[in-house]
Amino acid sequence: MVGIVIVSHSWKIAEGVCDLAREMAQGIEGLIPAGGLEDGSTGTDAQRIADAIVEADSGDGVVILADIGSAIMSAEAAIELLEDEGREINAVIADAPIVEGAVCAVVEAAGGGSVDAVLSAAEESREANKL
Amino acid sequence: MPGGIYECISLISERITANKDLLTELDREIGDSDHGINMARGFQAVMEKLTPEDTDIGATLKKAGMTLLSKVGGASGPLYGTAYMEAGKITAGKTELTPEDMKAVFEAAIAGIQKRGKAVEGEKTMLDAIIPASTAFSRRLYEGADMAGALDAACEAAREGVEYTKTIIATKGRASYLGERSIGHQDPGATSAMITLEAIRDYIKGK
Ligand SMILES: Nc1ncnc2c1ncn2[C@@H]1O[C@H](COP(=O)(O)OP(=O)(O)O)[C@@H](O)[C@H]1O
Ligand SMILES: [Mg+2]
């Protein structure tokens with residue numbers, strides 16, 4: 001199954017998004033939060049994200065959802081850290097809002113979708129109207 | 001550059017820490033009031049990782065870069081982290097840098113920052129200090145200056161670059177949310193870049 005990593009400046013947001021998304025696919029594995037810094041302060045940590053990618057990957061690849069500002073840069077740096085270590089994990093970043101994107105991604109991943117399918121599901125969440 | 005990458009990074013760390021409040025204050029004007037806190041936290045972690053036995057410039061820059069990627073927290077983390085790591089790649093195994101090596105370090109650091117942040121000059125970022133500094137360094141070297149002389153020129157250009165950031169609108173990073181209102185304020189990241197360059201120069205001159 002494709003893994004999913006939720007990157008946020010806040011560990012509460014990252015864990016909360018995972019809790020919410022997990023309700024759509026009970027017992028899903030490989031949905032991993034990477035929020036805040038090790039000491040609990042707000043921010044993003046490329047090493048923490050890299051560790052979450054490794055944990056989320058079961059061999060089928062990983063889709064990353066990230067919030068604002070430096071989150072995308074840290075996620076990109078994390079992917080490069082893993083490449084530099086010679087790890088071959090197909091990790092991609094979704095251009096999507098993290099709450100809606102995570103819910104759509106989890107449903108697709110739990111249904112057995114590929115990395116590309118999970119990525120599209122996350123990104124299509126941008127199109128959903130709320131009103 | 002004479003040996004002593006550990007001493008050089010120690011001096012950078014000292015200067016960043018001494019200017020923590022200034023950097024945070026600048027970030028209060030056009031950001032989220034954390035640049036000094038971020039950078040000081042990052043360099044404190046770097047100094048916990050390094051020892052005076054770290055003499056391989058490339059390996060030490062890589063170690064410092066990985067720590068900044070992890071501990072800074074804000075945008076400056078992946079940006080400076082990548083800059084240090086890219087500079088580390090081209091200095092692997094070296095314990096001294098020639099002025100030519102230093103020129104390559106500037107270029108690698110800039111390429112790293114641009115790979116990560118996709119900004120160009122004139123967007124009110126750290127690049128507005130570092131790119132003119134690199135250009136001035138190369139030019140002065142070409143004119144026959146030594147390392148210290150070329151670094152003096154680089155620092156002067158960085159200072160002018162910081163002044164220039166007051167006159168432009170931010171189009172990258174958090175400050176871009178302010179649009180026109182970012183005019184009149186100097187960029188925190190450009191300021192920390194200038195402080196870094198001045199520390200490198202003072203380290204070289206102090207040797
Ligand atoms: N895309 C970018 N390219 C280059 N520098 C950037 C970019 N985005 C932000 N910066 C620099 O980062 C500085 C802000 O750093 P910091 O306050 O630590 O991070 P954050 O903005 O995430 O709070 C800015 O002053 C600017 O110089
Ligand atoms: Mg900030």
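Order of the sequence lines sets the chain letters (A, B, ...), proteins ahead of strands, with each chain counted from 1. Side chains are part of it too, since the values below use all heavy atoms of this structure and drop only hydrogens, waters and symmetry mates. No experiment lies behind these values; they were computed from the predicted model shown.
- When the shell of 6.0 Å around CD of B:E25 is examined, it contains more than 12 heavy atoms from other residues, nucleotides or ligands.
- Taking every heavy atom of both residues into account, B:P78 and A:S74 meet most closely at CG-OG, 3.6 Å.
- In A:R87, the CZ atom is not crowded: 12 or fewer heavy atoms of neighbouring residues, nucleotides or ligands sit closer than 6.0 Å.
- Contact check for A:D84 versus B:K89: side-chain heavy atoms found under the 4.5 Å cut-off.
- Within a 6.0 Å radius of NZ in B:K62, other residues, nucleotides and ligands contribute 12 heavy atoms or fewer.
- In this structure, CE on A:M73 lies 9.0 Å from OG1 on B:T82, to the nearest 0.5 angstrom.
- B:K172 does not touch chain A: none of its heavy atoms, backbone or side chain, sits under 4.5 Å away.
- For the pair B:R41/A:L37, a side-chain contact is recorded, criterion being any heavy-atom separation below 4.5 Å from C-beta on.
- Atom OG of A:S41 sits about 9.5 Å away from atom NZ of B:K71, to the nearest 0.5 Å.
- Highest contact tally toward chain A, considering only B:K118, B:K115, B:R174, is held by B:K115 [criterion: heavy-atom pairs under 4.5 Å].
- Interatomic distance, B:D32 CG to A:T42 OG1, rounded to the nearest 0.5 Å: 8.0 Å.
- A:R22 CZ: more than 12 foreign heavy atoms inside a 6.0 Å radius.
- Within 6.0 Å of CZ in B:R201 there are more than 12 heavy atoms belonging to other residues, nucleotides or ligands.
- Looking at A:I68, only its side chain comes within 4.5 Å of chain B, counting heavy atoms on both sides.
- Around CD of A:E88, the count of heavy atoms belonging to other residues, nucleotides or ligands within 6.0 Å does not exceed 12.
- Annotation: side chain of B:M85 is in contact with side chain of A:L81 (closest heavy-atom distance under 4.5 Å).
- From B:R116, atom CZ reaches atom CD of A:E76 across 6.0 Å, with rounding to the nearest 0.5 Å.
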